[in-house]
Amino acid sequence: MIQSTDGVIHGRTIELAEDLGLGEGQRVRVTVESAREALPWGEGIRRSAGAVADCGELDAIFESIQREHRLR
């Protein structure tokens, strides 16, 4: 049986978010994957700001896109 749940590390102990329904002392195999914290709304855009700052032709590309949208 394979189950998945979230947990929090406390030293060498992992506190699970829910009871898995397994018996006390039952042997298990554990695979740990770090959970990604959800970013606040807009944080992804903020972190990418300036990513294309050195792209000299970017203004021309956006102007071209705007022209195409106006024609539709």
Side-chain angles (χ1 to χ4, degrees):
M1 163 178 39
I2 297 175
Q3 296 183 51
S4 180
T5 188
D6 293 328
V8 178
I9 301 279
H10 299 283
R12 293 183 53 166
T13 302
I14 300 174
E15 180 183 355
L16 301 177
E18 59 188 83
D19 181 4
L20 298 180
L22 301 172
E24 178 72 25
Q26 183 173 346
R27 295 184 55 84
V28 296
R29 179 174 308 276
V30 177
T31 302
V32 177
E33 176 183 335
S34 180
R36 296 187 67 183
E37 298 284 330
L39 297 175
W41 187 90
E43 181 65 13
I45 293 172
R46 189 189 69 75
R47 288 184 180 191
S48 67
V52 291
D54 295 332
C55 181
E57 64 226 22
L58 192 60
D59 287 338
I61 292 170
F62 281 126
E63 287 173 10
S64 172
I65 292 170
Q66 286 181 335
R67 277 193 305 273
E68 288 178 24
H69 282 272
R70 284 187 208 123
L71 294 175
R72 293 180 189 178

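Scope of the values below: all heavy atoms of this structure, side chains included, with no hydrogens, waters or symmetry mates.
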Using the rule that Ile, Leu, Val, Met, Phe, Trp and Tyr join whenever any side-chain heavy atoms are under 4.5 Å apart, tell me whether [X] and [Y] fall into a single cluster.
X     : Y     : answer
Ile2  : Val28 : no
Val8  : Val32 : no
Phe62 : Leu71 : no

Atom pair [atom1] ([X]) and [atom2] ([Y]), whose distance is rounded to the nearest 0.5 Å:
X     : Y     : atom1 : atom2 : result
Arg27 : Leu22 : CZ    : CG    : 13.5 Å
Arg70 : Ile65 : CZ    : CD1   : 12.0 Å
Leu39 : Ile45 : CG    : CD1   : 11.5 Å

Tell me if a side-chain donor or acceptor on Glu18 pairs with a main-chain N or O of Thr5 at a distance below 3.5 Å.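 Such a contact is absent between Glu18 side chain and Thr5 backbone.
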
